[in-house]
Number of protein chains: 2
Amino acid sequence: MLKLSKKADYGLMALKYLAEHPETQALSAKDVADAYGIPAQLLAKILQRMTKTGLLRSHAGMNGGYALARDAREISAYEVIHAIDGPLFITSCTKGAKLCDLTPSCTIKEPLARVNESIAEVLKSISIYDLAEHEHVGEHEAHGLVLLTR
Amino acid sequence: MLKLSKKADYGLMALKYLAEHPETQALSAKDVADAYGIPAQLLAKILQRMTKTGLLRSHAGMNGGYALARDAREISAYEVIHAIDGPLFITSCTKGAKLCDLTPSCTIKEPLARVNESIAEVLKSISIYDLAEHEHVGEHEAHGLVLLTR
DNA sequence: GAAATGCCGACAGAATTGGTCGTATACTGA
DNA sequence: TCAGTATACGACCAATTCTGTCGGCATTTC
């Protein structure tokens with residue numbers, strides 16, 4: 001429970017991969033899928049989703065593919081997850097429309113909404129850049145991450 | 001995505017309810033289920049789970065039921081969720097046994113594990129007591145929660 | 001011993017997620 | 001302008017997970 005969907009995982013992996021290959025103009029869905037052994041068509045759909053929400057730029061045709069729409073530092077894990085899995089988040093009674101049908105049950109919701117916020121904050125504080133490996137500087141970067149997310 | 005299971009929700013609600021009725025010796029699964037309109041048998045199983053992990057004390061027979069095993073302040077949301085939904089947590093490739101079967105894919109895991117930690121910390125910082133309503137002192141308590149979970 | 005309750009495993013139905021297929025559209029280069 | 005490589009997108013099937021139910025048993029009280 002409380003785990004990311006595979007799609008979100010794939011999405012994060014893909015962005016990470018793109019972030020690690022800034023030299024290339026664009027990478028096709030297949031390129032990335034092959035790199036990680038992800039079903040190509042599925043990943044394609046995921047990338048398309050992210051394109052629609054402005055995280056990626058796409059280009060059809062030969063040598064086409066996807067590229068980050070912004071600097072990896074400017075794309076948060078939160079955005080990725082949100083783009084792929086929708087509005088998201090804790091507390092199964094997704095508020096918005098009507099409350100938890102039955103009874104004034106969900107008195108729990110309100111406090112949990114705060115937990116929600118906290119988690120969102122954590123995810124927002126992580127960027128794709130943080131996920132990517134930066135040529136063995138890893139030692140230090142990793143340390144930074146610890147502080148970031150603590 | 002990333003939402004609590006209904007079971008976890010139910011569990012939290014039930015504990016909250018118990019915390020709000022400290023005067024009674026024990027409340028039966030049915031009592032609680034009726035109070036919130038939750039399927040009684042399902043809730044029963046959930047309460048049993050929590051009993052096994054030591055969050056609740058149970059007592060069979062007439063006027064039996066469940067009661068918190070400790071002060072509400074000493075039971076965290078984390079414990080509840082953990083008891084109900086198992087070991088839990090982010091990153092779909094549940095590490096433990098083998099890694100993500102395919103390729104050295106999950107280079108993402110490591111950084112996400114930290115996110116995981118952060119979320120766990122947040123959940124650990126919330127107690128059942130925080131969820132319960134304390135006779136209109138609410139204003140202040142709620143404020144405290146905000147700070148807590150920032 | 002009967003009623004109320006907890007305990008537990010098995011299982012069925014529902015919902016969600018993961019993954020595939022087919023087709024249309026766009027771009028590139030020869 | 002044609003062939004090949006890509007993305008775009010909707011429909012759909014398959015697999016898994018989650019929710020909820022049932023049945024039988026154990027324990028306690030009256």
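Chain letters run A, B, ... following the sequence lines, proteins first and then strands; every chain starts at 1. As a basis for the values below, the full set of heavy atoms in this structure was taken, side chains included, without hydrogen atoms, waters or symmetry mates.
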ask   = 5'-most contact on DNA chain C: Lys45(B) or Leu27(B), nearest heavy atom basis?
value = Leu27(B)
Closest-nucleotide ordering on DNA chain C, the 5'-leading residue of Pro39(A) and Gly61(A) = Pro39(A)
Length of the line joining [X]:[atom1] and [N]:[atom2], which is rounded to integer Å:
X	N	atom1	atom2	value
Lys3(A)	dT17(C)	NZ	P	10 Å
Ile84(B)	dG20(D)	CD1	P	13 Å
Leu42(B)	dC7(C)	CG	P	15 Å
Leu47(A)	dA6(D)	CG	C1'	12 Å
Ile46(A)	dT7(D)	CD1	C1'	15 Å
Arg57(A)	dA8(D)	CZ	C1'	18 Å
Tyr66(A)	dA26(C)	OH	P	15 Å
Arg49(A)	dT7(D)	CZ	P	17 Å

Distance check: side-chain N/O of [X] vs OP1/OP2 of [N], anything under 4.0 Å?
X	N	answer
Tyr10(A)	dG19(C)	yes
Ser5(A)	dT16(C)	no
Ser58(B)	dC7(C)	yes
His59(B)	dT29(D)	yes

message = Tell me whether Asp31(A) contacts the main-chain N or O of Ser28(A) through its side chain, where contact means a donor paired with an acceptor under 3.5 Å.
response = yes
inquiry  = Just to be sure I understand the rule, does Ala29(A) reach a base, reach only the sugar-phosphate, or reach nothing, if contact means heavy atoms closer than 4.0 Å?
reply    = sugar-phosphate
task = Could you tell me whether Lys30(A) contacts a base, only the sugar-phosphate backbone, or nothing, with contacts defined as non-hydrogen atoms closer than 4.0 Å?
result = nothing
By nearest atom, which of the nucleotides [options] is closest to the [X] side chain?
X	options	result
Gln41(A)	dA8(D), dT19(D), dT20(C)	dT20(C)
Ala60(B)	dT7(D), dT29(D), dG6(C)	dG6(C)
Gln48(A)	dA8(D), dG20(D), dC8(C)	dA8(D)
Met62(A)	dT5(C), dC8(C), dT5(D)	dT5(D)

inquiry  = Please evaluate residues Leu27(B) and His21(B) with respect to the criterion side chain to side chain contact (heavy atoms under 4.5 Å, CB included), reporting the C-alpha separation (whole Å), side-chain torsions for both, the decisive distance (0.1 Å), and the verdict.
reply    = CA-CA 9 Å; Leu27(B) 289 169; His21(B) 298 265; 4.0 Å; yes
Give, for atom [atom1] of [X] and atom [atom2] of [Y], the distance between the pair rounded to the nearest 0.5 Å.
X	Y	atom1	atom2	result
Lys3(B)	Asp85(A)	NZ	CG	10.0 Å
Glu79(A)	Ile81(A)	CD	CD1	11.0 Å
Ile75(B)	Met50(B)	CD1	CE	9.0 Å

